[in-house]
Engineer: 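Structure below; questions to follow.
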Amino acid sequence: MTQNDNHISPETALDKVPRHVAVIMDGNGRWAKGRGEERLFGHRHGVDAVREVVKTAAEAGVGYLTIYAFSTENWGRPTDEVDGIMELIAGAILSELDTLTGAGIRMNFIGDLASLPESLRASIRTAQAVRIPDRQLRMTLNVALNYSARWEITEAMRQIGTLVQQGDLSPDEITPSLISDHLATRGIPDPELLIRTSGEQRLSNFLLWQLSYTELYFTDTLWPEFGRDQMLAALREYGRRERRFGRL
Ligand code: IPE
Ligand code: IPE
Ligand code: MG
């Protein structure tokens with residue numbers, strides 16, 4: 001067996017695996033409250049769920065997994081929750097780095113990273129400095145941090161506007177693919193599947209451009225309880241979807 005073979009057992013083998021899966025990890029706070037705990041307790045358990053989902057996705061043969069870790073709107077939460085989340089993410093990046101690298105999984109960060117706390121930026125730099133040779137690369141884990149789709153599209157428009165202003169681009173050269181090339185996800189195929197946990201059915205400013213034709217999967221399961229079985233159920237459901245892209 002080579003590194004890229006499907007490690008999922010025969011009874012769970014999937015016939016159609018999405019190349020790119022995006023996940024809105026939601027419900028940590030409600031899960032904690034339901035147990036009489038503070039919201040941060042839920043976020044800590046949310047990290048365990050991330051570990052399991054990342055492993056399952058890589059084993060299933062998913063090439064890109066994009067997880068929504070912190071939105072630009074999440075700054076509106078109480079300071080101790082925001083600080084706790086930042087610390088938790090900074091710690092998790094460092095503690096998971098060797099295991100992920102050993103499994104051929106590289107981390108990539110998308111969002112307005114410059115305005116994150118310095119300790120988190122330091123963890124991001126450490127993770128980004130790791131190089132995995134192409135033949136060992138199994139999956140890219142995109143972590144959306146201080147991300148929102150409207151921020152991302154606005155940034156892309158600024159870059160394109162500058163190119164036009166400098167005379168390096170003419171307005172009729174602005175195409176959907178040129179716009180895609182100026183997004184934070186440039187070079188990454190659009191997600192075939194979006195998963196959102198916790199029963200909410202909205203996009204909350206996530207990947208608005210990239211999700212144009214994505215299959216949406218909503219589950220009532222709260223994020224800390226979303227693990228291997230739930231991830232495989234979502235992937236299996238994707239296998240049953242018929243995608244038409246406006247055709248017949
Ligand atoms: C998702 O869980 C994690 C983040 C947004 C950082 P929530 O914290 O939104 O949990 P609920 O939705 O309040 O239960
Ligand atoms: C979306 O969850 C953002 C992340 C998962 C990081 P939220 O809990 O912030 O979204 P809303 O407020 O329910 O739309
Ligand atoms: Mg939420």
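Counting starts at 1 for both ligands and their atoms, following the listed order.
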Engineer: Does Pro191 offer a backbone N or O that forms a donor-acceptor pair with the side chain of Gln210 under 3.5 Å?
Structural biologist: no
Engineer: Show the protein residues that qualify under the rule heavy atom under 4.0 Å from an atom of ligand 2, listing them in chain and number order.
Structural biologist: Ile24, Met25, Asp26, Tyr68, Ala69, Phe70, Ser71, Asn74, Arg77, Arg196, Arg202, Ser204
Engineer: Is Arg39 touching ligand 1 with its side chain, its backbone, both, or neither, if touching means heavy atoms under 4.0 Å apart?
Structural biologist: side chain
Engineer: Hey, does the side chain of Tyr68 reach the backbone of Tyr147 with a donor-acceptor pair shorter than 3.5 angstrom?
Structural biologist: yes
Engineer: Can you list the protein N, O or S atoms less than 2.8 Å from the Mg ion (ligand 3)?
Structural biologist: Asp26 OD1
Engineer: Are more than 12 heavy atoms, taken from residues, nucleotides or ligands other than Glu38, located less than 6.0 Å from that residue's CD atom?
Structural biologist: no
Engineer: Okay, side chain of Arg243, backbone of Tyr213: is any donor-acceptor separation there less than 3.5 Å?
Structural biologist: yes
Engineer: Determine whether more than 12 heavy atoms belonging to other residues, nucleotides or ligands lie under 6.0 Å from atom CZ of Arg150.
Structural biologist: no
Engineer: Would you say that more than 12 heavy atoms from the other residues, nucleotides or ligands in this model lie under 6.0 Å from the CD of Glu87, or not?
Structural biologist: no
Engineer: Check Glu118 with Arg125, please: is the shortest side-chain N to carboxylate O separation under 4.0 Å?
Structural biologist: yes
Engineer: Which atoms of ligand 1 are found less than 4.0 Å from any heavy atom of His43?
Structural biologist: 3 (C), 8 (O)
Engineer: One thing to verify: whether Glu37 and Arg44 come together as a salt bridge, which I'm taking to mean a side-chain N less than 4.0 angstrom from a carboxylate O.
Structural biologist: no
Engineer: Per the side-chain contact (heavy atoms from CB on, under 4.5 Å) rule, which among Leu183, Thr185, Asp190 passes with Leu207?
Structural biologist: Thr185
Engineer: Check whether Glu173 reaches the backbone of Ser170 with its side chain - one donor and one acceptor, N or O, closer than 3.5 Å.
Structural biologist: yes
